Amino acid sequence: MQFISNYHTHTALCGHATGMSADYIKVAIQKGLQEIGMSDHGPIPRSFMTAQEYVNNWLERQMDYQMFKEVYLPDVNQAIRDYSSLIKIRKGLEIEYIKGHDEYYELLLQDVDYLLLGVHYFHTPNGLYNTYEPMDKTRALDYASTIEAALATGFFKVLVHPDLFLASYLSDKGKYEFDEVALQVTKRIIASAIKNNVALEINAGGIRKQSVYKEGCLDFLYPRYDFWNVVKDFKDVCIVIGSDAHQPQEIADFSSEMAIDFANQFGLKISQNLTF
Ligand SMILES: [Zn+2]
Ligand SMILES: [Zn+2]
């Protein structure tokens, strides 16, 4: 499969990536992509959460709203002026969903073409919970509920790394197991994606991080074998591969190639052109 698009691309503004839009776009052109979406971590106002939630959820790792308006948008717009004869460039953000602030997402969508939903923290009855913290059954079900609420809004085009919860999930035995609850969460995510016409992403960024051995199969912390082995039985779900590039050279790199191999082991069909 020749890559012709990538919609998951960061910039130095998030504080844990290098390069600005033009640096990524130049690599995308070199690699023959026809379309690239810039999707740095989007701003969540501090006022949307308590001080403790703010500390728990690494919010310093993203631009604020002023930086979004004054640096990020001008940077992408300049790249569009400079390179749009060579590649189609879309403006986007990867962002969390915080309930009760739908007007804020509408405001963001006035400036960008699309939003990726990245659930790095989610709603629980006790407040927001970090997805990287150990997660029991109740928390895993909260993760599913947050995704269902988010996708139902219609604000999001892709749910990125939908299987991230499995990197933190512990069954009643205190270890990772793809048990009944994990299966239930997986099926709820798939159903919500199909119902709301949102794509699910196989995230190449996870492939760069850590692999997990499973009986000779390709398996990673994410994308996780157990999750996509369920997805394969749902033919209506739209699946994309996202580079999740945090360095320019990570656009359509070896990990995206491995993501194709990963998808092929289940016979998954990959979509390459999102419609806007
Ligand atoms: Zn990131
Ligand atoms: Zn990302």
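As the structure lists them, so they are numbered: ligands from 1, and atoms in each ligand from 1. This is a predicted model, so every value here is computed, not measured.
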Inset, instruction - Could you walk me through whether Asp244 and Arg208 pass salt bridge (Lys or Arg N to Asp or Glu O under 4.0 Å), step by step? - result: CA-CA 10 Å; Asp244 200 359; Arg208 281 182 216 110; over 6 Å; no
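No option in Thr124, Asn126, Ile147 other than Thr124 meets the side-chain contact (heavy atoms from CB on, under 4.5 Å) test with Asp142.
Defined by atom type and a distance below 3.5 Å, a donor-acceptor pair is missing between the side-chain atoms of Ser39 and Arg90.
Taking a cut-off of 2.8 Å, the protein N, O or S atoms nearer than that to the Zn ion (ligand 1) are His16 NE2, His41 NE2, His246 NE2.
Smallest separation of non-hydrogen atoms from Tyr121 and Asn130: CB-CA, 4.0 Å.
With respect to the salt-bridge test (charged N to carboxylate O, under 4.0 angstrom), the residues Lys214 and Asp226 qualify.
Within His8, NE2 is the N, O or S atom that lies nearest to the Zn ion (ligand 2).
Within a 6.0 Å radius of CD in Glu103, other residues, nucleotides and ligands contribute more than 12 heavy atoms.
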